Amino acid sequence: MPLNSKQRMHIGFDDTDSTRQGCTTYVAALLIEELEKLGVNFLDYPRLVRLNPNVPWKTRGNGALCLRIEYPEDVEEELKQRTIDLIEAHSDLDWKGTDPGIVFLKRAEVPQELMAFAKKATTSIVTLKEAMQLICKFNAEALGYNTQRGIIGALAAIGETFPEDHTYELIAYRTAENCGAKRKVDEASIFKMDQALQPYTFNNVDTEKRRVIITPRGPDPILFGIRGETPEIVKKAFGMVKALESVERWVVFRSNQGTDAHLTHLGALSQIQPYSSIVAKGVVCRKPEVVPVRHVVFAIKDETGEVDCAAYEPTGVLRKIARSLVVGDVVEVYGAVRKASKNRPLTINLEKIRVLQLAPVVLHQNPLCSKCGKRLKSMGRGQGLRCEKCGDRYSDLVKVEVGLPRELKVGLYVTSTRSQRHLTKPLRRYGLEKHGGAGVGMVKEWHSSTLV
Ligand code: ATP
């Protein structure tokens, strides 16, 4: 091997932040700059991997990060130490529930088993033991703090190679002195960008409420994040959005956001597992009811079982659709499975509904008079019908079924933008899915800092 040959490594990390401070993507932004100082090359955009949105111990969006790098062999120890120091320095280690994890995997390719682990971590619950077994098997190095749970996310981020669909997010960060204050961005510029670049950027605004949704609300350092189909488009969008406060740095991440990667398609309702997100087909078997506070609940069944489905108030359009379902409609429901409790059966919290088939809605009406066309009146139980206009009697006629038109149309309905999960594929992305994973090459400038 030549002296100081180039080596490849994956660095995964997770669970550095708390609800009071920090953001793991910001740690990634700082780490990228730190590693560049050592002559490290990036083989891919940093990966922002959203894992199972139903894990009970997540802080916010269950995001984990991975950097794929190439480096001169002689900086290996130094780059690992700098990574550890930086992550330690920017983790809220005193906060209960912040359990950072770092994993270094020195391999060019990601083993299949790690890909499968990432898939499992995105769709269900995995254990630290499973993660540690894989870490030993593939000679990776792991470092965990507090309960060490972050090692799970760190390893899953390494295993997620986005073999199929993926998206990009450009995240712009605020300066330290502005963190905690109201975010200052020209909202009109965001609406304009959304219109100009649709459908190639998504989830910029909530059109129902006319509200900007690229700016988070908490004390974290994110000013805004723009999601889209390519690095070029999110950079173009960034150029169109007017920040009214300083942007300290920005980074383009590759991500599984907006791809529905969390959903498992089930063949039967009996296969539903708590803490997963599923797609399942069934027939509406209990009519929608509005329950406090303005949620809509109905039930579907198939030959293997029955399950409640809930459209919560913030789901907006979805709640309206759920309300207009009737018993007998055939639907495909998409959503997170909520465990049964004392007062509530197993429930699917709806993210989408695909209406497949509409049941006829019929009204039982008296027929029309064959002479004058007026609707006949009943003369009493078992006594036939009579026309009030021409007086004719019809002893042998009975009520007839009249089909009522349904306002609801067959098709796919998605929860309002404001209540979509990071992983939910928005309507705007249908037809834009990428097949066959990431292309080659990176744009020249995919991150920048005003401080270096
Ligand atoms: P943020 O999005 O702000 O980074 P977060 O919502 O990602 O925060 P974390 O603080 O990362 O939340 O906490 C999630 C924790 O759950 C991590 O420790 C991660 O390792 C672990 N975890 C993630 N997915 C799974 C899973 N499928 N099964 C078990 N544990 C998981």
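Count residues from 1 along the sequence. What you see is a predicted model, and the numbers here were worked out from it, not measured in a lab. Counting starts at 1 for both ligands and their atoms, following the listed order. As a basis for the values below, the full set of heavy atoms in this structure was taken, side chains included, without hydrogen atoms, waters or symmetry mates.
- Using a 4.0 Å cut-off between a side-chain N of Lys or Arg and a carboxylate O of Asp or Glu, Lys434 and Glu164 do not qualify as a salt bridge.
- We find that Glu70 and Arg8 are joined by a salt bridge, their nearest charged nitrogen and carboxylate oxygen being less than 4.0 Å apart.
- Not counting sequence neighbours, Arg68 has no partner by the salt bridge (charged side-chain N to carboxylate O under 4.0 Å, His left out) test.
- Between Arg418 and Asp206 a salt bridge is recorded (basic side-chain N to carboxylate O distance below 4.0 Å).
- Contact residues for ligand 1 (protein heavy atom closer than 4.0 angstrom to any ligand atom): Asp14, Asp15, Asp17, Thr24, Arg50, Leu51, Asn52, Val55, Trp57, Lys58, Thr59, Arg60, Gly61, Asn62, Gly63, Ala121, Ser124, Ile125, Val126, Arg149, Gly150, Ile152, Gly153.
- Asp165 has no carboxylate O lying under 4.0 Å from a charged side-chain N of Lys425, or vice versa, which leaves the two without a salt bridge.
- Contact check on Arg60 versus Asp17 returns a salt bridge, with a Lys/Arg side-chain nitrogen under 4.0 Å from an Asp/Glu carboxylate oxygen.
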